[in-house]
Amino acid sequence: MAEKKAKQQNSKLPEEFEVFGFANDLLAWYDAQKRDLPWRINRDPYRVWVSEIMLQQTRVETVKPYYQNFMEKFPTIEALADAPEEEVLKAWEGLGYYSRARNLQAAAREVKEQYNGIVPDTLEEISRLKGIGPYTAGAILSIAYEKAEPAVDGNVMRVFSRLLLMEDDIAKPATRVKFEQLVRQTIPDGRAGDFNQALMELGALVCLPRTPQCLTCPVFDYCLARKEGVQHDLPVKGKAKPPRPVDMLVAVIANGDQLLIRKRPEQGLLAGMWEYPMVEKAASRNEQDQLYDWLLERYGIEADIEQKLTRIEHTFSHLHWQLEVYWCEPIAMEELSFWPDQAKFVPFSQLSEYVFPVAHAKITEWLKNHGKQA
DNA sequence: TATACGTGGTT
DNA sequence: TAACCAAGTAT
């Protein structure tokens with residue numbers, strides 16, 4: 001019982017840690033050095049919200065152009081709520097983690113209908129919105145509403161690991177909770193938003209993962225890891241599993257100036273996106289034979305599987321695709337009223353109207369570069 | 001708790 | 001160059 005209670009108890013800052021001085025010095029640095037970013041023009045909750053979703057696991061420089069475009073197309077919560085999902089996905093094309101876009105729109109609809117179009121300002125309510133987890137909830141509440149909530153991301157965990165010389169594995173979910181307890185105790189009155197952003201800014205500009213710039217660090221004096229000279233050994237982070245290799249056979253099938261594409265399932269990897277038909281390569285089988293049989297069975301298309309066009313490699317966090325791309329010359333097609341997967345022939349010039357994942361966009365690019373289609 | 005979920009930049 | 005990393009969330 002005593003042990004359980006101890007486990008639930010909040011982690012405490014070290015007695016000697018100078019909270020006030022730390023926050024003050026960090027904020028002074030932030031005020032002077034913060035970057036001009038498109039989402040820092042004001043603190044509008046919707047603008048903050050969109051930026052935080054886009055920035056999840058995504059670099060600032062990558063997000064910038066997407067953010068500008070997104071805010072032009074969907075300037076308000078209502079505009080986003082009322083837009084066709086396809087348009088939202090199109091604006092997200094190439095950014096990755098596409099469920100973010102679907103969840104963001106679903107949440108915008110929820111805010112429009114249940115909250116009169118106003119992003120809720122309580123942890124309870126905002127956390128119920130799709131796509132808003134502990135980090136994003138804290139970020140929006142602190143930045144847009146000046147609530148004293150922590151926003152603990154990878155930067156903050158790295159900064160605090162070093163600052164307080166903590167060896168907890170930041171890859172474990174429980175560690176984030178511990179950091180939230182600690183950060184909460186350092187948030188200065190009235191400047192929660194700036195403080196959270198300052199911690200992240202420090203991680204992004206100074207307290208770098210491999211090469212911490214301690215000599216220019218505004219909180220050099222407070223850093224326990226630096227005092228011990230172990231800043232390069234922190235944070236501790238368990239190794240991720242390597243991506244699993246998956247070999248796919250891709251069929252590029254032309255009918256005049258049209259190409260056959262299909263829609264991926266609404267759940268799972270690259271949900272709802274369009275792609276060239278493909279099948280996972282069988283372990284021990286001739287590629288051409290397998291593709292020939294598969295096209296006939298699944299789409300009723302008898303095709304001459306010609307020379308392999310190219311090999312495209314694409315790595316996800318958890319998968320490594322090797323796409324063997326074949327040019328397939330149709331010999332005969334069954335008269336079907338519809339095909340599985342919503343498959344259909346689309347003129348090459350109209351492919352851009354469909355949302356493709358990068359791996360398949362690479363194929364389109366290859367076709368263009370090799371004069372396969374005008 | 002561990003895994004699924006994208007993509008591109010950095011060392 | 002092969003990791004490693006980036007303003008995480010859902011299940």
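Here is the naming used below: chain letters follow the sequence lines, and residue numbers restart at 1 for every chain. Computed over heavy atoms, backbone and side chain alike; hydrogens, waters and symmetry mates excluded.
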Test side-chain contact (heavy atoms from CB on, under 4.5 Å) applied to A/Met200 and A/Val152, A/Leu55, A/Val159, A/Val156, the passing residue: A/Val156
Rounded interatomic separation in angstrom, taking CZ from A/Phe356 and P from B/dG6: 16 Å
Under 4.0 Å from any heavy atom of chain A: name the first and the last nucleotide of DNA chain C that qualifies, 5' to 3'. C/dC4 to C/dA10
Remember a base hit wins even if backbone is also touched, and classify A/Arg102 as base, sugar-phosphate or nothing at under 4.0 Å, heavy atoms. nothing
Measure across A/Asn196 and A/Ser142 and return the closest heavy-atom pair with its distance rounded to 0.1 Å. ND2-OG, 3.0 Å
For a quick check of understanding: with a heavy-atom distance under 4.0 Å over all strands, which category does A/Trp39 fall into, base, sugar-phosphate or nothing? base
Counting the atoms with a prime plus P, OP1 and OP2 as sugar-phosphate, which does A/Ser51 contact under 4.0 Å by heavy atoms, base, sugar-phosphate, or nothing? nothing
A/Glu110 and A/Lys130: salt bridge (Lys or Arg N to Asp or Glu O under 4.0 Å), yes or no, with the steps? CA-CA 9 Å; A/Glu110 174 81 4; A/Lys130 285 190 179 178; over 6 Å; no
Remember a base hit wins even if backbone is also touched, and classify A/Pro134 as base, sugar-phosphate or nothing at under 4.0 Å, heavy atoms. sugar-phosphate
5'-most by nearest nucleotide on DNA chain B - A/Pro173 or A/Arg59: A/Pro173
By the 4.0 Å heavy-atom rule, please label A/Ser317 as base, sugar-phosphate, or nothing. base
Does some side-chain heavy atom of A/Asn255 sit less than 4.5 Å from a side-chain heavy atom of A/Leu260? no
Between A/Tyr98 and B/dT7, is there a side-chain N or O to OP1/OP2 distance below 4.0 Å? yes
With heavy atoms under 4.0 Å as the rule, sort A/Ile53 into base, sugar-phosphate or nothing. nothing
OP1 or OP2 of B/dG6 sitting under 4.0 Å from any side-chain N/O of A/His314? no
Heavy atoms only, 4.0 Å cut-off, all strands: where does A/Gly268 land among base, sugar-phosphate and nothing? sugar-phosphate
Nearest-nucleotide wise, let me know which of A/Gln57 and A/Ala240 is further upstream toward the 5' end of DNA chain C. A/Ala240
Is A/Arg35 touching bases, backbone alone, or none of the nucleic acid, heavy atoms closer than 4.0 Å? base
Any luck finding a side-chain donor-acceptor pair between A/Glu86 and A/Tyr354 under 3.5 Å? no
Please report the distance separating the P of B/dG8 from the corresponding atom of C/dT9, rounded so that it comes out in whole Å. 22 Å
Sugar-phosphate only, base, or nothing, as touched by A/Arg40 at under 4.0 Å among non-hydrogen atoms: base
Using the P atom as the point on both nucleotides, what is the distance between C/dA6 and B/dC5, in whole Å? 22 Å
To the nearest Å, how far apart are A/His320 NE2 and B/dG8 C1'? 15 Å
Minimum side-chain heavy-atom gap A/Leu129-A/Thr136 below 4.5 Å: no
With a 3.5 Å cut-off and no angle check, do the side chains of A/Asp44 and A/Asn42 form a donor-acceptor pair? no
Nearest heavy-atom neighbours spanning A/Ile170 and A/Ser161: CG2-OG, 3.8 Å
Looking only at atom C1', what distance separates B/dT1 and C/dA10, rounded to whole Å? 13 Å
Given the P atoms of C/dA3 and B/dG6, what is the spacing between them in whole Å? 23 Å
Heavy atoms under 4.0 Å, any strand shown: does A/Leu37 hit a base, just sugar-phosphate, or nothing? base
How would you label the contact of A/Leu270 with the nucleic acid (heavy atoms, under 4.0 Å): base, sugar-phosphate, or nothing? sugar-phosphate
For a quick check under 3.5 Å, do A/Tyr135 and A/Glu52 share a side-chain donor-acceptor pair by atom type? yes
Mapping A/Lys241 and A/Ala359 to their closest nucleotides on DNA chain B, which lands nearer the 5' end? A/Lys241
Please figure out whether A/Asn103 or A/Met200 has its closest DNA chain C nucleotide nearer the 5' end. A/Met200
Presence of A/His318 side-chain N/O under 4.0 Å of B/dT3 phosphate oxygens OP1/OP2: no
